[in-house]
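Below, all heavy atoms of this structure are taken into account, side chains as well, without hydrogens, waters or symmetry copies.
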Amino acid sequence: MECAPGQAETRPDAEPQPGAGPELDFPDRPSLGEDLAVTSAVVSTLVTSLVPLLGAALGASATLLVQRNSTRQSRREFLAESRLAHREELKSAILAYLEAAQRLQTEFDIRERCGTPADPRRLIEGVWLAEKQVELLCSDELRGRILAHAAALQDVVRDPVTHPDWWAYCEPRQHELLARAKTELARDRA
């Protein structure tokens with residue numbers, strides 16, 4: 001078979017000649033050993049670059065975790081202090097109410113002994129004012145007990161003839177009031 005000038009003769013059983021067939025030769029391509037050296041250099045550069053970034057990310061995460069825990073602890077402490085402050089304020093208001101009621105009850109005792117009491121109508125106003133202070137702070141259960149006690153004192157002031165034994169009339173309500181106050185103050189302590 002004759003070939004045109006510049007063309008090589010090809011036979012199916014002939015072995016390919018270097019540079020003469022579809023196999024391409026890349027003269028700039030590094031050898032396998034050189035490839036491994038370049039690859040390990042790239043990996044080494046990446047590792048030395050990424051390790052500090054990883055450390056910074058871990059440090060930032062730890063800082064955020066510490067801040068979150070600190071915020072939680074601060075919130076718990078704030079809530080505990082708020083409960084304690086509320087308890088003390090409620091206790092103070094209850095004591096002010098009981099003091100006003102005691103002043104009125106002292107006048108009832110004087111009247112029972114045929115003495116001349118101070119004006120109980122003026123004193124009952126102090127009881128109602130103290131009741132309002134407690135009402136601002138207390139639960140509905142304690143509010144009901146205080147209202148019942150103050151209303152009983154009011155009944156004795158308005159109609160002493162109907163309630164000659166004022167203590168028998170007021171004592172059960174006062175007992176309920178004190179029991180509920182103790183329960184509420186104990187709950188706020190916890």
Side-chain angles (χ1 to χ4, degrees), residues 51-190:
V51 167
L53 290 175
L54 182 61
L58 285 174
S61 298
T63 300
L64 289 174
L65 185 62
V66 167
Q67 286 176 346
R68 182 175 178 227
N69 286 340
S70 175
T71 301
R72 281 183 177 175
Q73 182 63 27
S74 296
R75 185 167 189 259
R76 279 188 218 116
E77 289 172 2
F78 173 75
L79 290 175
E81 289 171 4
S82 294
R83 278 193 306 270
L84 184 59
H86 178 263
R87 180 184 182 278
E88 290 302 315
E89 191 175 8
L90 178 60
K91 182 179 172 183
S92 176
I94 291 170
L95 289 174
Y97 173 80
L98 292 174
E99 287 173 8
Q102 185 61 46
R103 281 191 295 275
L104 182 60
Q105 291 171 351
T106 300
E107 297 304 317
F108 292 161
D109 282 337
I110 293 170
R111 183 176 65 197
E112 270 185 355
R113 293 186 181 101
C114 298
T116 307
D119 184 16
R121 293 174 198 260
R122 181 183 53 79
L123 292 174
I124 194 68
E125 289 176 13
V127 169
W128 283 112
L129 178 62
E131 181 274 330
K132 296 294 183 237
Q133 291 172 338
V134 176
E135 191 174 337
L136 291 173
L137 301 169
C138 70
S139 68
D140 289 341
E141 293 87 10
L142 182 57
R143 178 184 176 270
R145 301 295 178 0
I146 286 182
L147 284 173
H149 184 254
L153 292 173
Q154 177 82 37
D155 291 345
V156 173
V157 168
R158 283 187 178 163
D159 193 5
V161 175
T162 306
H163 306 287
D165 187 5
W166 65 270
W167 181 245
Y169 182 66
C170 293
E171 193 275 330
R173 290 162 184 84
Q174 183 170 327
H175 177 73
E176 291 174 0
L177 163 65
L178 292 173
R180 184 60 206 174
K182 286 178 187 177
T183 301
E184 195 154 320
L185 290 172
R187 181 192 69 211
D188 284 346
R189 186 182 314 158

Exercise. What distance separates Asp155 CG from His163 NE2, expressed to the nearest 0.5 Å?
Worked result: 4.5 Å
Exercise. More than 12 heavy atoms of other residues, nucleotides or ligands under 6.0 Å from CG of Asp159: is that the case?
Worked result: yes
Problem set entry | Test item: Ser74 side-chain N/O and Ser70 main-chain N/O as donor-acceptor pair under 3.5 Å | yes
Exercise. CH2/Trp166 to CD/Gln105 distance, rounded to the nearest 0.5 angstrom?
Worked result: 4.0 Å
Problem set entry | Any donor-acceptor pair under 3.5 Å from Glu184 side chain to Ser139 backbone | yes
Problem set entry | Distance-minimising heavy-atom pair for Val134 and Ala93 | CG2-O, 3.2 Å
Exercise. How many angstroms lie between CD in Glu125 and CZ in Arg122, if you round to the nearest 0.5 Å?
Worked result: 9.0 Å
For this session: Evaluate whether atom NZ of Lys182 has more than 12 neighbouring non-hydrogen atoms of other residues, nucleotides or ligands under 6.0 angstrom away.
Result: no
For this session: Hey, could you give me the CZ/CZ distance between Arg72 and Arg75, rounded to the nearest 0.5 Å?
Result: 10.0 Å
Exercise. So Glu112 and Asp109, side chain to side chain contact (heavy atoms under 4.5 Å, CB included) or not? Walk me through it.
Worked result: CA-CA 5 Å; Glu112 270 185 355; Asp109 282 337; 4.0 Å; yes
Exercise. Arg143 and Cys138: which non-hydrogen atoms are nearest, and at how many Å?
Worked result: N-SG, 3.5 Å
For this session: Take Asn69 and Leu65 through the side chain to side chain contact (heavy atoms under 4.5 Å, CB included) test and state the conclusion after the steps.
Result: CA-CA 6 Å; Asn69 286 340; Leu65 185 62; 4.2 Å; yes
Exercise. Do Val156 and Leu104 come within less than 4.5 Å of each other through their side chains, counting heavy atoms only?
Worked result: no
For this session: Could I get the full list of side-chain contact (heavy atoms from CB on, under 4.5 Å) partners for Glu81, not counting sequence neighbours?
Result: none
For this session: Could you go through the side chain to side chain contact (heavy atoms under 4.5 Å, CB included) check for Leu178 and Leu98 one step at a time?
Result: CA-CA 10 Å; Leu178 292 173; Leu98 292 174; 3.8 Å; yes
Problem set entry | Side-chain donor/acceptor of Tyr169 to backbone N/O of Thr162, under 3.5 Å | no
Exercise. How many angstroms lie between CG in Leu54 and CG in Leu58, if you round to the nearest 0.5 Å?
Worked result: 4.5 Å
Exercise. From Leu147 CG over to Gln154 CD, what is the distance, rounded to the nearest 0.5 angstrom?
Worked result: 12.0 Å
For this session: For residues Leu177 and Arg145, report the shortest heavy-atom separation together with the two atoms involved.
Result: CA-CB, 3.8 Å
Exercise. If you look at every heavy atom in Cys170 and His149, which pair is closest and at what distance?
Worked result: O-CD2, 3.9 Å
For this session: Verify side chain to side chain contact (heavy atoms under 4.5 Å, CB included) between Gln133 and Ser92, making sure each step is shown before the conclusion.
Result: CA-CA 10 Å; Gln133 291 172 338; Ser92 176; over 6 Å; no
For this session: Write down the atom of Glu107, the atom of Ala118, and the distance for their closest heavy-atom approach.
Result: OE1-N, 2.5 Å
Problem set entry | Nearest atoms (heavy-atom pairs only) where Arg87 meets Leu185 | NE-O, 3.0 Å
